[in-house]
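Read the structure below first, then the notes.
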Amino acid sequence: MVYKARSAGPRRRRLELDEALIALFIGAMNANDHVAREELARAHHLIWSTKRFRRKSGETVGRLIDRMKRLLEEQEATAVMETAARAIPARLRPSAFAIVADLLLADGRIDARERKFLQRLAVNFNIRARVANHVIEAMLVKNHL
């Protein structure tokens with residue numbers, strides 16, 4: 001693993017794409033300090049319906065999830081989300097944003113902390129606010145029908 005030193009504080013490590021996606025899922029679900037049953041089910045579906053995770057064993061993915069949970073417990077969530085966002089290639093960021101929005105809206109609603117999480121993620125992904133709002137609205141419609 002590659003570590004990148006910060007000028008002050010603990011060392012931060014770069015995340016691989018798989019780690020970044022899982023960290024974003026976990027960070028999103030923890031955005032309001034409550035993981036809805038629907039969000040957990042959606043995260044499970046997202047992981048196992050994604051080609052890159054389907055090719056891995058359940059044990060491998062489980063260890064990856066555990067590592068990212070520990071990382072989020074040990075470091076400030078905002079910093080981990082910024083690191084995860086940088087690990088997502090620019091061409092995949094709009095899709096990753098839509099997937100995370102879909103995950104948060106699995107229960108058909110979004111609270112203020114979840115909206116703030118998505119707004120920060122849009123900034124980290126360099127997605128315009130107008131585009132991010134359109135994605136969020138589309139996911140709200142999707143999850144209400």
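These numbers come from a predicted model, not from an experiment. Scope of the values below: all heavy atoms of this structure, side chains included, with no hydrogens, waters or symmetry mates.
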Would you say the side chain of [Y] lies within less than 4.5 Å of the side chain of [X], judging by non-hydrogen atoms?
X	Y	answer
L46	R42	yes
N124	R93	no
V135	D102	no
M81	T78	no
L21	F53	yes
V80	I26	no
I136	R115	yes
I65	I47	yes

Kindly check if the number of other-residue, nucleotide or ligand heavy atoms within 6.0 Å of CZ (R91) is above 12?
no
Around atom CZ of R109, are there more than 12 heavy atoms of other residues, nucleotides or ligands at under 6.0 Å?
no
Shortest non-hydrogen contact from [X] toward [Y]:
X	Y	result
M29	A43	SD-CB, 3.7 Å
I127	P94	CD1-CA, 3.9 Å
L140	G108	CD2-O, 4.1 Å
A23	L15	CB-CD1, 4.4 Å
F117	L24	CZ-O, 4.1 Å
F125	F97	CE1-N, 3.7 Å

Measure from the side-chain N and O atoms of [X] to the backbone N and O of [Y], and report whether any donor-acceptor pair falls under 3.5 Å.
X	Y	value
N143	M139	yes
Q75	L72	no
E114	D111	yes

As an exercise, state the distance from [atom1] of [X] to [atom2] of [Y], rounded to the nearest 0.5 Å.
X	Y	atom1	atom2	answer
F25	L104	CZ	CG	10.5 Å
L64	I22	CG	CD1	5.0 Å
L40	H45	CG	NE2	13.5 Å

Mind checking salt bridge (Lys or Arg N to Asp or Glu O under 4.0 Å) for K56 and listing every partner two or more places apart, or none if nothing turns up?
D18
Do the side chains of E59 and R63 get close enough for a salt bridge, i.e. N-O under 4.0 angstrom?
yes
Looking at R37 and D107, does any basic side-chain N land under 4.0 Å from a carboxylate oxygen?
no
Assess the residue pair T83 and R86 against the criterion (side-chain contact (heavy atoms from CB on, under 4.5 Å)); give the C-alpha distance rounded to whole Å, side-chain angles, the decisive distance to 0.1 Å, and a yes or no.
CA-CA 5 Å; T83 301; R86 281 192 305 272; 3.4 Å; yes
Would V123 and I88 show up in the same hydrophobic cluster when neighbours are defined by side-chain heavy atoms closer than 4.5 Å?
no
